Every structure is written in C-alpha cells, then in structure tokens.
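Input: a single structure, listed below in structure tokens.
All values derive from a computational prediction rather than experimental measurement. In the text below, chain A, chain B and the rest are named by the order of the sequence lines, each starting its count at 1.
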There are 2 protein chains.
Amino acid sequence: MSPESITAAALEVGDREGPKAMSMRRIAAELGCDPMALYRHFGDREALLDAVADRALVDVPAPAPDDPWDTRLRAVLGGVRAAALRHPGIAEHVAARPPLGENGQRLGAAMLSALTDSGLPPGDVVRAFQALIAYGAAALAMAVRAGRRDARWEQAADTIGALPGGERSRELPAVGSDDQFEYGLHLILAGIRAEAGWVQLGAAQPVQEPAQERAGEQPDPPRQRDEHQRPERPGDPEDTESGGGERAAGDDPVHSGREPRVVGLESGHDLVE
Amino acid sequence: MSPESITAAALEVGDREGPKAMSMRRIAAELGCDPMALYRHFGDREALLDAVADRALVDVPAPAPDDPWDTRLRAVLGGVRAAALRHPGIAEHVAARPPLGENGQRLGAAMLSALTDSGLPPGDVVRAFQALIAYGAAALAMAVRAGRRDARWEQAADTIGALPGGERSRELPAVGSDDQFEYGLHLILAGIRAEAGWVQLGAAQPVQEPAQERAGEQPDPPRQRDEHQRPERPGDPEDTESGGGERAAGDDPVHSGREPRVVGLESGHDLVE
DNA sequence: ACCTGAACACCGTTCAAGT
DNA sequence: ACCTGAACACCGTTCAAGT
C-alpha cells in the first residue's frame, strides 16, 4: 500500500478501462482497499493523477547530449508523446498538465538545455519552452481524441474539405497522426531557427524541398539539404553586461509601452475557487 | 425554451460559477425546468457545451480580407482567445474542441484562406491549420488554468528558474499570458514563412531585432524592418495540373517510403467507447 | 405520442464513529 | 492517534410511469 503500488494500479485500470475509470473508488477497488486509504498518500485525485502521469514518462530517455538542439527537442517531445499514447488512460492528463514530477523535470531540463543551444536569448528560451509544451500537449490531446474516434473531427475533416483551398486535401487531415504532430513541431522549430538567426540553406528555391526535414527522425544521410549555418552573433547569450543590453526591460520591443508585466501568477486574476 | 435560451443560460451560469457549475442539472435549475427538458434540444451534455462554446465566438469578427495573411491569422486566433477568456466558464471547452459550430466554421474558413495565401502547398495548409488550432487551444487552456492560479505552474516557474539557462528568466514565464501566447504564435508564423519560402529581410543581423514583429498587432508604422519578400514560385498553388506535380502523392518527400497513409479517422485505432 | 421525474449507477470528499 | 466507512452533495442518463 505505497504510492508506487497505487500509481501502478491506477495506470493499469486506466489503460484497461479508459480515463473515466480512474476514479478514486475504482482504483481503490482494484487494490482491494477503502477509497479513503488513497487519501493517506495523495491529497486529492488531481495529485494522484499527477503522479500517475509522471510515472508514465519513466521510460522516456533523455536525448543524446551531442545531438543537434532540434534533434534533441524532437526526441523529447516525440518520446513523451509515444509514452503517453502507450497509456491512453492517462494521456489526457499528461496533455493537460505541466511536467512537474521527477520525469517531467528531467525532460523539461533537457528541452531547456536544447533551447539554450538553439541560440535564443534566455528570456525567449522560456517562452519557446512553454510554446513547445503547449503544442505538444494539444497535439497529444488531439491524438487521444482521434483514437477515440471523435465524431467532431470527422465532421471537421468534411468542413475543411468543403472550404476553398481544402478541396484537394480531403484525405489529408489525419487529425492526431504522427505526421500531423511532426509537421507542427517542424513549423515551430523552423520558427525558432528564424528567431535565433539561423539561415536555412536552399531557401532560394523553396518549392522543391520545403518540407523534407520532417522525415529527418531517421539518420537521414542520403542528401542533407536541410543544413543550417549560424551567423556570427556579436553578443553571446551569456554576457548580459556590455554585450549590448539589447533585450533589457526598458527597450524590449515586445513589452515597451504596454501594461506592467504580469510576473509569474501572483498578480493574476482569480477566476474561481 | 429554445436551444438559444438554453445556451444563454448555460453561458451565464458558467461565467458566474465556473465550468464545473455547467451541469445539466444546474443549467436546468437556472431555467426553472426539468433537467430532462435539455435532452429534447441536445443529445447529451457534450453537444450542449459545443453549442455554448460556439455561441461564445459570435463576437469574433472575420479578419479584414485585405490584410496580410499572418495578420489575419493573428487576428482570428487572438480574437478567439480573447472571446473565450471573456467567458471563462466555457474557455476550457473551447480549448478542448475543434471549431465546428457556425462561428467556428466561419473563423476556420478565414484561417484556411489566410494559410492558402501564405503560399503553403494545399496539403500543408491543412497541417498548418491543425497545428495552429492545437497551439491556440493549448495556450488558451493554459491561460484559463493560470487564471485559476494552478499551483503546478508556480512550481514549474521555480523549476525553470533552477535550471541552467533559466536563472535570469525567473520572472518571465507568465504562463498563460498574452505575451506568451503571442510569442508561440510568432514562432509558428515564422515557421510557416520559412516553409512557404518567404525570405525575412534583415536575417543577416538577427541579434538586434529578432523579435520585434510580435509587437505588430498595432498598425506599426515607425520602422517596418519585418517586411517579407516572396520569391517567385514556379508553380502557383492554384494550377495543380502542368504547373509541376511537385507535391503529388508519389514524390511527396514527407510520405514517400513510409507506412500507408492514415486517411481521416476511418482506419484509426479505437481506444475506448 | 409526448413529457416528466423518479431511479440508477456512479462521483470526490467530509467527518463522525469506531478502534 | 489513527483508520474506516457511512454519509453528503453532487453527477449524466435511463426509463417507466404518468398525461
């Protein structure tokens, strides 16, 4: 009757009977104990599901530190996605929650490290991190719902097909598919590259191969036109002193002339309970 | 006792008492009728919430058709986000569901039209559309939870602050903030630009102004260095015939040599019920 | 035929009663 | 002091009984 045995039982009943079955009562029944016994180890159901979600990520390995930063990001996000989809009972919860358990922190650190290596300024590293988490979570949620054959998305495919520009793509939008996931991730990584100042070789003739990088999960030796070269940067992210205060609070182009920054969550609105 | 009066009552009780209060019984009580009466107009709770979510989007205007494609995308996604946050009771549901009601289709069509104008090939238009929906949904969900002061995210901020590269950004990650939302959207739009073959002027000296486009919601006249020029493209998206079958099924660089395409949801796995 | 509301099969969590 | 389980305050939905 340990936290571990509880999360194990929860994961099993969730995998077997779906997310709705992961109730305190049902999990307790699985363990043959009183539902209240669970509250000895977890404050409430949410805390228990947090632990279960993190447990589902134990098998996701940290990326190889010598890989390029974008490869590392793809490895982490793809790994989380695959691991979560292996446990459909908890995938929805993984998708809805920030990664805060032991494994979530480990993988989050790997992502932040990769983003730092991308050359983004430190402040943008955190923003890009959150953007990637958001995208990954939503794509995962879509995959879970697509697996559950949500009639809404089938209808959405019809709608898209009926719209101008969507006619020829009627069979494309496999909603939560790996392909779809990789494409969106590819877009964000390309955005990071542009933002960090990488120059994409071959950008002059984009029609023939604008998308081939997405196939690049595999070693991809044959013809690597998707190489990138980094321009020299006057101030490195490290020296924040004389290297140019180009993104200090005052002249930050994003925030100057706007309302006072919301810091953390302290000054946030409080919607309900 | 019409569908409209029901959705109106649901929206009001949701705004007033939070998403959990939007139960069939509670909404019926608001209307002074039997809970079962709601089932005459909506098949189940999910269908009712779909209608309520769409109703929350009536006020989001279609973007000005003459604006640049990226401005239109920002307008639609920002508008949906703002409208949803005005109705926190339903925001979570808006975030979790594809846009299928009257207003969702209207805004989805505007997004697809904008993406078509971005120069992406038709198949990628749909992929980019879904990626944007996914990102917008997740960012909205984060904003709702941040508004609810989720302790998890405060802890996440601490974790990020403790990681290498995150030290200086301790006060940055206002989790569901407008700033954060716009940054992620900016990354995706930059990715689309790169993918569609747009060249970003000034990419040679990126350190000084890599991020200023994000301020571009306002007219932004002073100095527009974030202009883009489009290279000539051999085949226009419109002529799919002789203009070059460059992205036909056979030689699609993304899909060639992979497992058979998943089409729609028909061939999908079925996780549970 | 239509509508109603009692009833079913659940929830998460509290808390008083037992040990 | 600790643990248990009855009880509270809810759910979405079914379905038999009423009109």
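- Across the C1' atoms, D:dC2 and C:dA17 are found 13 Å apart, a figure rounded to whole Å.
- Here chain B contacts DNA chain D (any atom closer than 4.0 Å to a heavy atom, that is under 4.0 Å), and the contacts span D:dC11 to D:dT14 from 5' to 3'.
- Taking atom P on both D:dA7 and C:dT19, the two are 16 Å apart, rounded to the nearest angstrom.
- Of the residues in residues 2-9 of chain B, not one comes within less than 4.0 Å of DNA chain D through any heavy atom.
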For DNA chain C, the dot-bracket pattern of Watson-Crick and G-U pairs whose distances stay under 3.5 Å, | for other-strand partners: ||.|||||...|||||.||

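- Residue-level contact check: A:Arg45 touches the backbone only, with heavy atoms under 4.0 Å from sugar-phosphate atoms and none from bases.
- Closest of all the heavy-atom pairs between A:Asp50 and A:His93 is OD1-CE1, 2.9 Å.
- Nearest heavy-atom pair across A:Ala139 and B:Ala134 is N-CB, 4.4 Å.
- Using a 4.0 Å cut-off between a side-chain N of Lys or Arg and a carboxylate O of Asp or Glu, A:Arg86 and A:Asp15 do not qualify as a salt bridge.
- Closest approach of A:Met111 to A:Val76, counting heavy atoms only: CG-CG1, 3.7 Å.
- Here B:Met36 lies in heavy-atom contact (under 4.0 Å) with a base.
- Taking both residues in full, the closest heavy atoms of B:Met24 and B:Leu38 are given as O-CD1, 3.3 Å, listed atom of the first, atom of the second, then distance.
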